[in-house]
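Counting starts at 1 for both ligands and their atoms, in listed order.
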Amino acid sequence: MAPSPSRPLEIHASGPLKGRLRVPGDKSISHRALMFSSLAVGESRIEGLLEGEDVLATAAAMRSMGATLERGEDGVWRVWGLGVGGLLQPAGALDMGNSGTSTRLLMGLVASHAVTATFVGDASLSARPMGRVIDPLSRTGASFAAAPGDRLPLTVRGIVPAVPIEYTLPVASAQVKSAVLLAGLNTPGITRVIEPVATRDHSERMLRGFGADLTVEQTNEGRILSLRGEAELRPQQIVVPGDPSSAAFWAVAASIVPGSDIVIENVGLNATRAGLFEVLRLMGADIAEQDAREVGGEPVADLRVRHAALAAAEVPPHLTPSMIDEYPILFVAAAFAQGRTVARGAEELRVKESDRIAAMAAALRACGVPVEEFEDGLAITGSGGEPIAGGAQVASKLDHRIAMSMTVAGLAARAPVTVDDVAPVATSYPAFFDTLAALQGAD
Ligand code: S3P
């Protein structure tokens, strides 16, 4: 994937945000929908797929390993899968762009197939640790050659038959969990993953939907997932709910821009993903759920969000995994709250698309917000609802969520905030700025 040219953007203080909007399909669910459909025998249909660069990287990888994926003019994707065990040798390296989820999940898939695949990515992805997936997958018999520090570029030599493993996750990571489960799909016997702390459960839900024999047991040690390998997946009709991680930006934007009143439609509210909304409510945000329903086996609702005076909070550590991608935008909410918000226990933020603790500390400080940095989080003293100073250039560090978070901060800053590069937003939310313009224009 050719790197997109840098796109700096100056953000000005905004009038009230008004109107209804739809967020794009859930990124985690979209990746899994493409991968599992590619392993089912027959034609699956996927509605509401996120067409961001990360998910398109997964689509391209599945194509280069033999699956047929087509986007219809109606926006519905049709996928003709090869069956578990049916992946073919790709002709060239798999370009994962910026996407950690594509990389780690596909490493798992390749590990138990007769495939040798090389994974490459952009500068951000090439700095991220892959040892967390290489460790368990090596135990299946697959072999790995990686750049120093277990980074990309990295080659996986899959093995057939792979050995089923039992693995206790040392970090709370849905990507590692899913990589092991995906390796287990084409492995004889039972692959077991023990998850001491629950993380997003989309892989489990969707694998069962595709007909895999996967049991989930809640014990004192945590959740135990047992997957029977050599699975036969049946093609599915999938409807992807809206991404709560994308809705998060608008929930905070409407909370901090005076006079705002918006409805975010079709937001996935799986409990393993919805932690931010809980914390925002603890802070006094005005978020009402409307028309709660189920879409594609996931709980969904429309969220009406109105401007509110926010108060500082201590972020409850048990919510960390269910809001791991939302810390950057939570830090923005904290910058406008009354008092000192403390968010700790989130050291995983150091190894996301950027070091999100350092990136947000630097960006908010540049905008005049008092920030204290810890190894595992930040403490932020908010403005009590007043505009923050702004008037600075901040660095998005090839990280879509930093770019969107600082855009939102700029909407309620006294002087314009310049984000040095908003091009990474296209990885997860290509229509973000169009939606912002619509919310600013509708009255
Ligand atoms: C994801 C899991 C999380 C999250 C990422 C998507 C997934 O990563 O940060 O954006 O789809 O499984 P970790 O597993 O590294 O926590």
Tell me whether R228 at atom CZ has more than 12 heavy atoms from other residues, nucleotides or ligands lying less than 6.0 Å away.
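Result for CZ/R228: open.
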Take atom NZ in K397; do more than 12 heavy atoms of anything else shown fall under 6.0 Å from it?
no
What protein heavy atom lies closest to [atom]? Include the residue and the distance to one decimal.
{"atom": "atom 14 (O) of ligand 1", "value": "S173 OG, 2.6 Å"}
{"atom": "atom 3 (C) of ligand 1", "value": "K352 NZ, 3.8 Å"}
{"atom": "atom 11 (O) of ligand 1", "value": "S28 OG, 2.7 Å"}

With respect to L152, which candidate in T118, V120, L125, D122 satisfies the side-chain contact (heavy atoms from CB on, under 4.5 Å) definition?
L125
Working to the nearest 0.5 Å, report the span between CZ of R401 and OG of S428.
5.0 Å
Give the contacting part of K177 toward ligand 1: side chain, backbone, both or neither, where contact means a heavy-atom distance below 4.0 Å.
neither
At under 4.0 Å between heavy atoms, what of R32 touches ligand 1? The answer is side chain
Between R192 and I224, does the side-chain contact (heavy atoms from CB on, under 4.5 Å) criterion hold? Intermediate values first, please.
CA-CA 7 Å; R192 201 161 273 134; I224 303 182; 3.7 Å; yes
Less than 3.5 Å between some nitrogen or oxygen of [X] and one of ligand 1, yes or no?
{"X": "R401", "result": "no"}
{"X": "A174", "result": "yes"}
{"X": "D325", "result": "yes"}
{"X": "S178", "result": "no"}

Please determine which of D243, D325, D201 meets the salt bridge (charged side-chain N to carboxylate O under 4.0 Å, His left out) test together with R273.
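So the option named by the test is D243.
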Parallel, tilted or perpendicular: ring planes of Y429 versus W250, cut at 30 and 60 degrees:
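Ring orientation, 0 to 90° scale: perpendicular.
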